[in-house]
Amino acid sequence: MMTLNILFMTITIKRKQQTYEQFMHDELMKQIIEESKQKQVSLGDFTRNTF
């Protein structure tokens, strides 16, 4: 949570709670991306810029 006090106004920003389905989707995407990276490394596909 972040709170800013500017000229007698208070602005509070809260992170939105993630649902279980969103969390599982994000974890699945991370796993797929990691597997893809491992395949690229094992096949020697270094055509992208890694900088």
Side-chain angles (χ1 to χ4, degrees):
M1 181 186 331
M2 182 172 61
T3 303
L4 301 173
N5 293 314
I6 302 173
L7 299 176
F8 306 107
M9 284 193 320
T10 300
I11 300 171
T12 302
I13 302 171
K14 293 182 182 180
R15 288 187 74 176
K16 182 179 176 184
Q17 291 290 347
Q18 200 174 33
T19 65
Y20 178 75
E21 288 81 14
Q22 290 169 330
F23 175 78
M24 292 307 293
H25 177 264
D26 290 348
E27 288 300 311
L28 178 60
M29 291 299 108
K30 287 178 189 174
Q31 179 183 359
I32 289 171
I33 290 169
E34 188 59 36
E35 288 173 1
S36 176
K37 286 180 183 178
Q38 291 300 323
K39 286 180 185 177
Q40 288 176 352
V41 169
S42 67
L43 294 174
D45 183 16
F46 297 107
T47 57
R48 298 188 284 158
N49 225 344
T50 56
F51 297 101

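Excluded from the calculations below are hydrogen atoms, water molecules and symmetry mates; all remaining heavy atoms, backbone and side chain alike, are included. Model, not experiment: these values are computed from the prediction. Sequential numbering from 1 along the given sequence is applied to the chain's residues.
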Which residues satisfy the salt bridge (charged side-chain N to carboxylate O under 4.0 Å, His left out) test with Lys16, sequence neighbours excluded?
none
Which pair of non-hydrogen atoms, one from Gln22 and one from Gln17, has the smallest distance, and what is that distance?
OE1-O, 4.3 Å
Donor-acceptor pair between Glu34 and Gln38 side chains, under 3.5 angstrom
yes
